[in-house]
Amino acid sequence: MNILLIYPEFPDTFWSFKHVLKFTGHKAVSPPLGLLTVAAMLPPEWSKRLVDKNTKKVTAEDMEWADYAFISGMIVQRESARRAIAECKRAGVKVVAGGPLFTSEHEHFEEVDHFVLNEAELTLPPFLADLARGCAQRVYETSEFADLTKTPIPLWELVDLKQYLYVSIQFSRGCPFDCEFCNVTVLFGHRPRMKTTQQIIAELDDLYHSHGLREGIFLADDNFIGNKNYLKSELLPALIDWQKDKCGIPFAVEASINMADDEQLLRMMYEAGFDIIFIGIETPDEDGLTECNKVQNRNRDLVGDVRRIQRAGMQVQGGFIIGFDSDTPSIFKRQTDFIQKSGIPTATVGLLQAMPGTKLYERMARENRLLGPSFGDNVGGTTNIATKMDFDTLYEGYKNTLRYLYTSKNYYQRVRTLLKEYKTPKVKEPQRLKDVNIFLRSLFFFGFLDKGRFQFWRLLIWTLFHRPNMIPLVVAFAIQGYHFRRVCEQHVSSNGISGR
């Protein structure tokens, strides 16, 4: 059996990093972890090819070779997934689809032959068994959750890791919290389920020794600190030990703000090489946090929490939302003031969207406020709900918020605020900027060609005198800021935000 695994292309969004890739020379952000894991679950005697459409095209020879095409993706990849499915159908190749996009809305893809939904550890085996007997059904789904200790190491040999900015692995699935707008618990439940420490070390060894990985690793968990006791007693000590004879591999992860309460946890994560933490902060407004049931963020000094994490040697990237029912026009300035004060250079600010299956989606349906499907691009300026705030006011305020945050002056000011608090990370500099040519080329562009060059030089000179060891990081931030600015400029142009 010949299996062609296809990963749809990402549009140019905040997290596509397409403008970063132009500087680093990579073709895409990260390999498709889900498809690579599914590939490892397929019979070993089957032949497998993976085409990541973010790095290359599907050829006619690929289609002629394939017996089945397996396609996976997220909601933001919806249109590219449709094109990939149509391409397969024109070539007469049967399509098997799974992953978050199809789990949420498989009923909208009539051309797909088979759906393997929810977690493949549970739904792929019965599909394969039925396929072998010639009686495969169209839909395989489950309300159960998988045992991650049985999840195999992804088949990394199907991709060229040098084409990617970083690599993702997964330690756990599920989140103990119950935010109204979030579909994580719909997909993966409230109880954090974890791989064993031995599994994670085996995956890291495979990447480092067998595939030569030297770039960063993103742990694609729903909430990395969902089980802090296990982290501190098992995983983090093992990661600290694993790093000892390595060149220094930085880890990034998603976590909740309450990690700031645990000094031992922060210290151990720093020693293990964690240097970037994405946190859903959402809003500085207590009414908004109450409305969306973000209990872990309520009644806290959120700026103080961010600074504790920064002082522990980790950057905070923040997710923010505008458009809660409780929001008034004052929210725009309150959001920008909070983001500037806390020194979060990478701040994703999106309009509230209702994702299928979430409590917000159900509430909007009951109130007859759903306007259509969700869009998946969390900074695209789109919403699929009828907002309480006048939409024109919300629309203009949102555009002005993006403009403000990603002007060179305000962006570089946030970088400086971070550097004033930031403890020198365990991994001293971004691996991708150790290439002298990339560093010098970036330095020339931002110092002489970019329209924010004056602000760049101000920050670089300040860094030279106050944090000279952080100069490579400043250049990395300049590259990221350029991408964010380009994406935001597209969204705030006259045709950039599609509204509701």
side-chain contact (heavy atoms from CB on, under 4.5 Å) between Arg78 and Glu105, worked out: CA-CA 10 Å; Arg78 182 190 291 125; Glu105 48 188 73; 2.7 Å; yes
Full working for side-chain contact (heavy atoms from CB on, under 4.5 Å) between Val306 and Ile281: CA-CA 10 Å; Val306 169; Ile281 297 174; 4.1 Å; yes
Evaluation steps, side-chain contact (heavy atoms from CB on, under 4.5 Å), between Tyr422 and Arg311: CA-CA 5 Å; Tyr422 192 38; Arg311 290 167 185 163; over 6 Å; no
Residue pair Arg403, Glu489: steps toward the salt bridge (charged side-chain N to carboxylate O under 4.0 Å, His left out) verdict: CA-CA 8 Å; Arg403 288 193 187 102; Glu489 285 171 353; over 6 Å; no
Test log, rule side-chain hydrogen bond (donor to acceptor under 3.5 Å, both in side chains), inputs Glu121 and Thr151: CA-CA 7 Å; Glu121 291 91 343; Thr151 302; 2.7 Å; yes
Candidate pair Lys18 and Asp12, rule salt bridge (charged side-chain N to carboxylate O under 4.0 Å, His left out), full reasoning: CA-CA 7 Å; Lys18 288 192 175 183; Asp12 190 6; 5.9 Å; no
Test log, rule side-chain hydrogen bond (donor to acceptor under 3.5 Å, both in side chains), inputs Thr197 and Tyr230: CA-CA 9 Å; Thr197 297; Tyr230 185 85; 3.2 Å; yes
Full working for salt bridge (charged side-chain N to carboxylate O under 4.0 Å, His left out) between Arg416 and Glu421: CA-CA 9 Å; Arg416 182 187 293 196; Glu421 303 289 339; over 6 Å; no
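Side-chain atoms of Thr358 do not come within 3.5 Å of backbone N or O of Cys182 as any donor-acceptor pair. Of the possible polar contacts, one joining the Thr407 side chain to the Tyr404 backbone as a donor-acceptor pair under 3.5 Å is found. Checked by atom type and distance alone, the side chain of Arg214 pairs as donor or acceptor with a backbone atom of Tyr208 at under 3.5 Å. Judged purely by atom type and a 3.5 angstrom limit, Asp262 uses its side chain to pair as donor or acceptor with the backbone of Leu265. No side-chain donor-acceptor contact under 3.5 Å links Thr149 to the backbone of Thr196. Using modelled atom types, no side-chain atom of Thr463 and backbone atom of Met470 make a donor-acceptor pair closer than 3.5 Å. Checking side-chain atoms of Tyr411 against main-chain N and O of Ala478 turns up no donor-acceptor pair under 3.5 Å. Under the 3.5 Å distance criterion, the side-chain polar atoms of Lys48 are matched with a main-chain donor or acceptor of Trp46. Gln77 places a side-chain N or O within donor-acceptor distance of the main-chain N or O of Pro8, the cut-off being under 3.5 Å.
Look at Lys195 and Asp221 and you find no salt bridge, because none of the NZ, NE, NH1 or NH2 atoms lies under 4.0 Å from a carboxylate O. A salt bridge links Lys426 to Glu271: at least one charged side-chain nitrogen sits closer than 4.0 Å to a carboxylate oxygen. With salt bridges taken as basic N to acidic carboxylate O contacts below 4.0 Å, one links Glu119 and Arg193. Using a cutoff of 4.0 Å between basic side-chain nitrogens and carboxylate oxygens, Asp450 and Arg453 are not scored as salt-bridged. We find that Lys27 and Asp160 are not joined by a salt bridge, their nearest charged nitrogen and carboxylate oxygen being 4.0 Å or further apart. For the pair Asp62 and Lys56, the salt-bridge criterion is not met [side-chain N within less than 4.0 Å of a carboxylate O]. A salt bridge is absent between Glu215 and Lys162; no separation between the charged side-chain nitrogens and carboxylate oxygens falls under 4.0 Å.
For the side chain to side chain contact (heavy atoms under 4.5 Å, CB included) test with Ile321, the passing option among Gln335, Gln353, Glu282, Lys294 is Glu282; the others fail. Each of Phe456, Phe23, Phe439 was evaluated against Phe445; a single residue qualifies, Phe23, per the ring pair (Phe, Tyr, Trp, His ring centres under 6.0 Å) test.
Ring-plane geometry between Phe14 and Phe484 is classed as parallel, the angle between the planes falling under 30 degrees on a 0 to 90 degree scale with a further cut at 60. Using the six-membered ring where Trp is involved, Trp462 and His466 have ring planes that are parallel, under 30° apart on the 30 and 60° scheme.
No side-chain heavy atom of Val316 sits under 4.5 Å from any side-chain heavy atom of Ser342. No side-chain heavy atom of Thr283 sits under 4.5 Å from any side-chain heavy atom of Phe338. Residues Ser30 and Ser168 have side chains in contact (heavy-atom distance under 4.5 Å, counting atoms from C-beta outward). The side-chain heavy atoms of Ile3 and Arg49, taken from C-beta on, include no pair separated by under 4.5 Å. Contact check for Phe274 versus Pro250: no side-chain heavy atoms found under the 4.5 Å cut-off. Using a 4.5 Å heavy-atom cutoff, the side chains of Leu50 and Leu4 are not in contact. Residues Leu124 and Tyr140 fail the side-chain proximity criterion, which asks for heavy atoms closer than 4.5 Å. At least one side-chain heavy atom of Lys451 sits less than 4.5 Å from a side-chain heavy atom of Arg485.
Relative to the six-membered ring of Tyr406, Arg486 misses at least one condition, a distance below 6.0 Å or an angle of at most 45° to the axis. A cation-pi geometry, defined here as NZ or CZ lying under 6.0 Å from the six-membered ring centre and within 45° of its normal, does not hold between Lys244 and Trp242. Seen from the ring of Tyr412, Arg458 does not count as a face-on cation partner, given the 6.0 Å and 45° thresholds.
Trp457 has its ring centre less than 6.0 Å from the ring centre of Phe448. Taking the six-membered ring for Trp, Phe17 and His483 have ring centres closer than 6.0 Å.
A 6.0 Å sphere centred on CD of Glu263 holds no more than 12 heavy atoms belonging to other residues, nucleotides or ligands. Counted within 6.0 Å of NZ on Lys246, heavy atoms from surrounding residues, nucleotides or ligands total more than 12; the atom is thus considered enclosed. No more than 12 heavy atoms of other residues, nucleotides or ligands sit less than 6.0 Å from atom CD of Glu144. Around atom NZ of Lys232, more than 12 heavy atoms belonging to other residues, nucleotides or ligands sit under 6.0 Å away.
Residues Asn297 and Leu302 share a closest heavy-atom pair of O-CD2, 3.8 Å. In terms of heavy-atom proximity, Phe10 sits nearest to Asn54 at N-OD1, 2.8 Å. Between Tyr164 and Pro31, the closest heavy-atom pair is CD2-N, 3.3 Å. Of all non-hydrogen atoms in Ser104 and Pro356, the two that sit nearest each other are O-CB, 4.1 Å. Residues Pro468 and Leu464 approach most closely at CB-O, 3.5 Å, considering heavy atoms. Closest heavy-atom contact between Thr185 and Phe177: CG2-O, 3.4 Å.
In this model, no donor atom of one side chain and acceptor atom of the other lie less than 3.5 Å apart for Asn227 and Ser172. Thr55 and Asp52 are not linked by any side-chain donor-acceptor pair at a separation below 3.5 angstrom, with hydrogens and angles left out of the test.
Interatomic distance, Asn223 CG to Gln296 CD, rounded to the nearest 0.5 Å: 8.0 Å. The CD1 atom of Ile257 sits 4.5 Å away from the CG atom of Asp305 when rounded to the nearest 0.5 Å.
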